[in-house]
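Here's the structure, in structure tokens; my notes come after.
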Amino acid sequence: MNRRISLSEMSKLLNISKHTLRYYDKIGLITPSYDSNGYRYYSIDHYYVLSTIKLLREMDVSIKDIKKSLNDDNLEDFVQLLVDSKEHIDI
């Protein structure tokens, strides 16, 4: 059974504002599903992706770099993004 998570529920679960979730959808960072009334719904997969995005943002990784890494299937590039972010934090 696929559980649909509403925008409000996801906002509360991850402590991410509704505005931020709408913005991520607008820029194509994450694309929720929509019902016939236009309400956004998220899946458990979206939860994991948003958790990753939240962590990267807390590490001051830019939205541009996050979007690039999420669209890139190269794990080495993602690991390098984390290493670069860690070096930035350690400074």
Side-chain angles (χ1 to χ4, degrees):
M1 175 164 142
N2 289 338
R3 169 79 164 94
R4 294 184 342 158
I5 304 166
S6 71
L7 178 83
S8 293
E9 291 172 320
M10 189 63 79
S11 174
K12 290 176 188 174
L13 281 170
L14 291 171
N15 196 26
I16 298 175
S17 74
K18 294 177 198 175
H19 173 78
T20 298
L21 291 173
R22 288 184 195 104
Y23 174 70
Y24 289 168
D25 181 17
K26 180 180 177 181
I27 65 169
L29 190 57
I30 190 161
T31 306
S33 60
Y34 288 83
D35 70 4
S36 60
N37 293 321
Y39 293 112
R40 292 171 177 87
Y41 285 96
Y42 299 87
S43 68
I44 192 68
D45 292 334
H46 289 122
Y47 174 86
Y48 293 123
V49 172
L50 284 165
S51 296
T52 301
I53 292 168
K54 182 178 179 183
L55 175 65
L56 292 171
R57 289 299 295 142
E58 289 171 356
M59 295 171 63
D60 289 328
V61 177
S62 72
I63 295 289
K64 178 183 172 184
D65 288 341
I66 293 171
K67 190 172 183 179
K68 181 181 174 207
S69 72
L70 290 177
N71 291 330
D72 188 358
D73 290 335
N74 188 340
L75 184 58
E76 290 177 16
D77 289 345
F78 186 73
V79 170
Q80 188 60 49
L81 175 68
L82 295 175
V83 168
D84 293 345
S85 297
K86 180 186 178 301
E87 290 173 2
H88 175 72
I89 292 170
D90 288 343
I91 293 175

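Everything quoted here is computed from the prediction, not taken from an experiment.
The distance from atom CD1 of Ile53 to atom CD1 of Ile63, rounded to the nearest 0.5 Å, is 7.5 Å. One distance of note links CG of Leu50 with CD1 of Ile30; it measures 3.5 Å at 0.5 Å rounding. Distance check: Leu21 CG to Tyr42 OH gives 4.5 Å after rounding to the nearest 0.5 Å.
Ring-plane geometry between His19 and Tyr23 is classed as parallel, the angle between the planes falling under 30 degrees on a 0 to 90 degree scale with a further cut at 60.
In this structure, Tyr34 is not a member of the same hydrophobic cluster as Tyr24, with clusters built from ILVMFWY side-chain heavy atoms closer than 4.5 Å.
Hydrophobic cluster membership of Tyr41, counting Ile, Leu, Val, Met, Phe, Trp and Tyr whose side-chain heavy atoms lie under 4.5 Å apart directly or via other members: Tyr39.
The minimum heavy-atom distance linking Lys18 with Ser11 is given by the pair N-OG, 3.6 Å. Heavy atoms only, all atoms of each residue included: Ser17 and Thr20 are closest at OG-OG1, 2.8 Å.
Applying the side-chain contact (heavy atoms from CB on, under 4.5 Å) criterion to Leu13, with sequence neighbours excluded, gives Ile5, Tyr47. When the side chain to side chain donor-acceptor pair (under 3.5 Å) test is applied to Ser33, no partner is found at least two apart in sequence or on another chain. For Asp65, there are no salt bridge (Lys or Arg N to Asp or Glu O under 4.0 Å) partners at least two apart in sequence or on another chain. Listed by chain and residue number, nothing satisfies the side chain to side chain donor-acceptor pair (under 3.5 Å) test with Ser51 (two or more places apart in sequence, or in another chain).
In this structure, the side chain of Lys54 engages the main chain of Leu14 through a donor-acceptor pair within 3.5 Å.
At most 12 non-hydrogen atoms from other residues, nucleotides or ligands lie less than 6.0 angstrom from NZ of Lys12.
Residue pairs that meet the salt bridge (charged side-chain N to carboxylate O under 4.0 Å, His left out) test with at least one member in residues 25-51, sequence neighbours left out, are Asp25-Arg40.
Using a 4.5 Å heavy-atom threshold, the side chains of His46 and Thr31 count as separate.
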